[in-house]
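A short worksheet on the structure shown next.
Below, read A as the first sequence line, B as the second, and so on, with proteins coming before strands; counting in each chain starts at 1. In what follows, every heavy atom counts, from backbone to side chain, and hydrogens, waters and symmetry copies are set aside.
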Amino acid sequence: MTTPAYLGEFEQLLLLAVLRLDADAYGLDIARELEARAGRSVSRGALYTSLDRLEDKGLLRWRAAAGTSARNGLPRRLYSVTPAGVAALRASRDTLRRMWQGLDHLLKEPAP
Amino acid sequence: MSDGEAGTPNDGGAGTQNDERQPPRVARWLLRRALPRGVRGESMRGDLLEEWRARGGTAAASAWYWRHASSLSVRYGWRRERHTNPVNPGDRRTRMLLDNLRQDLRYAFRSYLRAPSFTLAILTTLALGIGASTAIFSMVNGILLRPLPLPDADRLVYLNELGRGSQISIAWPDFLDWRPRAHAFQGLALSREEPLTLTGLAQPERVRARRTTGNFFQVVGVSPRIGRGFGDADDRPGVEPTVIVSYEFWQTHLGGDANAVGKPLVLDARVHTIVGVLPAGFRYLRAYDLFVPMGPIVDDKFLNDRGNHQGYNAVGRLGPGITVEAAAREMAAIGLDLQREHPDTNSGITVRTEPLAARLVAQVRLTLLVLLGAVGCLLLVACVNVANLLIARGSARRHELAVRAALGGGRLRLTLQMLAESTLVSAVGGVLGVVLAIWLLRVLVAVAPEGTPRLDEVRIDAAACLFALAAAAVSGMVFGAFPALQASGIRGQAALTRSRSAGASAGSHRLRRGLMVIEVALALVLLTGAGLMMRTIREITRVETGFQPDHLLTMRFSLTGEQWTEPRRLRFYTDLLSAVRSAAGVTNAALAFSLPIEGSNWNSFFIARDKPVPPRPELPNAAFSPVSDGYFETMSTKLVAGRLFDTRDSPTSPNVAVVNATLARRLWPGESAIGKSIKQGWPESPGTWREIVGVVADVKFEGVTVETPLQVYLPLTQESARGLAIIARTPAEPAAMTATIQAAVHQLDKDLPLYAVRTMDQVLDTSMARERMSMLILIVFATVALTLASVGLYGVVAHGVTERTHEIGVRMALGAEPRHVLGLVVRQGLSMALIGTAIGVAGAMALSRTVQGLLFGVTATDPATFAAVIAMLLGVALVACYVPAWRATRVDPTTALRAE
């Protein structure tokens, strides 16, 4: 992995959500996390196709886990971020940080 | 799913694991189809299921499930297809076309979602048009088009005799003569409806039965599922009475007993042996409980009198290669032969032969065809309206289309795009239409007149769905063609300059005005139909019926069996009348053989003693009805001269009769009929002379619209019938008195079945049910059409005002007064309405001959109706034009000009 992959905004949000959820990230949790923390209500079609895309890019991977009775025994896919994914996130953050630099007086953003 | 499979992953079916609730079935099916197989798809379905349950499994949760299931299916459905079908260079062109189409549909879908109110307007209009026309088509299909549910039903013909041109039934001896002489038929069977009283099972009851000749079931082509049919042996005199029961009767009354054959049924106090059970759903003209053969009555003196026509008609199965016309010719010749052979009884008697299916639906055929025409108009109005909306949108999207054209969107591509949009809309409209049609059909069947044939065969079937599909496709093409043409005319540069002059959209505006004219014309045709039906109903309700129909309750009973000798019957009638009259809430009561409106049960020739006997074809014919004392008082029928029946008239007193005014006038013009004598029956047959003691007002007998016949009333004491109607006048709501009167009757005879319980108002309503249904449907159609037309008109005028804001501004700036502007706009709008009205009037006139058959008391070109309809249409049009015109006068000249 020489150049980190380019990440769209939604992709960043997805990767961050998976990281936050640690080992238990499956579709439903990711959707909830996005909704709770980013205020994004996301269509499931968009959610899973984006997850697939991130998997294709090698930024995410998943393993299957047994389902509970609440889902009629249907399996879950537990996602985790690959090292490449972490690298891509880091690169995106750095890019943003560079772009933000020196604009604090204009945007008047309180320090996080 | 069985419990044994509980461990396997599964999100469908009942009985799975702990949680029974399941998301919407169709959505689940969609997901299973669209999502990839294996863990990927299963995990997504699992996530969705889990969240649906977490949301409580409510209707809201299901809506949520549907939304996300759709988004998943759309994304994965398409992806999968692309992945699994790698582009093959050979059919790249097709692939591209399909891809474009998919893109167009997607684009159309989104653009409709962006304009929900516009989309809603289009879909509502389409669903109304397609739904209404599919529902009416289903009626027409089920009743008129679909073949009768009998084998080779198109080879079956119906025969009856005509006496002096009007339809009568077949005399038994005539039928016996037909059989060996008629060669056009493989078989010819006689039958008649003959209600019977069934006793010996749980409750005595009046059952629907048909008496038939032994070959009846062979002719109609049905054999019993159990036991045997009738044979010629069953027609012989003195045979043991037998009966064949319908499948439905077998189920409801005999519990589907497999050993029912051989069991007895007591019908009209005679034991009949069950010999067969018919297959389920067998109908001949209508559904019957039982069939009985001719044998037990074939000795009857009256049956064998060639002058008696006792309600029989015949069904024949045409021989191979024989047409209905050929059979009709042969039967007509046989009829003429019989006239020569039996001049006494058969002079003037001819035979009518027609297809059985045509005969069955003769009464409703015209109504249905007119309604089908009306619904066609409505569908056209809907199409025109949608076309109008799409064109208006097309003009608004000119800029967008111009951009696409400028960016290299070919003309074909843009046209296809427009067609994709209209196809999408019409497909969705078609589906909604079918849903609406299912509901509408239920309403239609509920309001259809009592006795409408084959109503139980009416349903939304494959043919109806096909019809809806065709209607949707055709309307999609019709209204889609206009915007598509428009789009194909886009010149990138010209449109991009956003020229304000009216020139660029003049074409589309002219188109819309033309469509408006059509719409107004169609609306006028529908309004005229509705107006004429309203007049018809008003005329019918204004007809003098000769009696007071409100607050009258009627019900029938029949005294069957040998034990009811004449003296016993008369005693029973007296007891019955006093029991009913003394019941609380009954002011008066009487018995009668025939009821007004429902029709006469006994028509007969008669002669007058003081007149020369006329030749046979000119013998007067009257409706005879034995009635009890108090009948005219109960019905509130006016006495014109003489007296009514009273207790003086007994079995031993001189024979008397009361006649109606028409009879008195016809036989003794300018004289009093009182004191004259008449005799019922053939001139030479023995009979009693009866003295006319009273003349009463005319009473409508066969419905309201048929001319009043000659009527003769006989005292029940001197002519005791077995089947009678009880009539009770009650100050309270008559229907509520049913139980009281039934109880009073059952005090006397607890086993007497009472049937046909109806108020006289109901009888009257039933008699005009067909007209009423036509009126209701036409009013609904006309209202919808008028609404659509006025909304359309408003839209076109308002659009014109918007396009001409600049021009109006200039006019106002140059000193035009508001009223001039108002006049200008209203004039232009009204001119469309006026042209449409003129065309509509011409159309309605052209159709007048078709609808005349449905009308009563009003001609199809009734000037008053036309005037009212035109005034109404133009009034609505004026309002529709005035509102945008008024807005035009509010145009601020400076604003209008500054935008330049």
### Message
I'd like to know if the side chain of B:Arg53 reaches the main chain of A:Ala70, judged simply by a donor and an acceptor atom lying under 3.5 Å from each other, with no hydrogens or angles considered.
### Response
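Checking the backbone N and O of A:Ala70 against the side chain of B:Arg53, a donor-acceptor pair under 3.5 Å is found.
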
Atom of [X], atom of [Y] and distance for their closest heavy-atom approach:
X	Y	result
A:Arg77	B:Val39	CG-CG1, 4.0 Å
A:Leu74	B:Arg45	CD1-C, 4.1 Å
B:Tyr76	A:Asp52	OH-OD2, 2.5 Å

### Message
Closer than 4.0 angstrom, basic N to acidic O: yes or no for A:Arg76 and B:Asp47?
### Response
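Not counted as a salt bridge, because no side-chain N and carboxylate O are separated by less than 4.0 Å.
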
### Under 4.5 Å from any heavy atom of chain B - which part of A:Ala46
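For A:Ala46, the contact with chain B is made by backbone and side chain together.
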
Are side-chain heavy atoms of [X] and [Y] found at a separation under 4.5 Å?
X	Y	value
B:Glu42	A:Asn72	no
A:Arg71	B:Trp52	no
B:Arg67	A:Arg44	no

### Verdict with supporting geometry, A:Tyr48 and B:Leu35, side chain to side chain contact (heavy atoms under 4.5 Å, CB included)
CA-CA 11 Å; A:Tyr48 291 107; B:Leu35 292 181; over 6 Å; no

Calculate, to the nearest 0.5 Å, the distance between atoms [atom1] and [atom2] belonging to [X] and [Y] respectively.
X	Y	atom1	atom2	result
B:Glu50	A:Ser69	CD	OG	9.5 Å
A:Leu47	B:Ser71	CG	OG	9.0 Å
B:Glu51	A:Leu28	CD	CG	5.0 Å

### Per-residue contact mode, B:Ala69 against chain A (heavy atom under 4.5 angstrom)
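No part of it gets close to chain A.
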
#### Entry: Partners meeting salt bridge (Lys or Arg N to Asp or Glu O under 4.0 Å) with A:Arg20 (sequence neighbours left out)
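Scan of A:Arg20 (salt bridge (Lys or Arg N to Asp or Glu O under 4.0 Å), adjacent residues dropped) gives none.
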
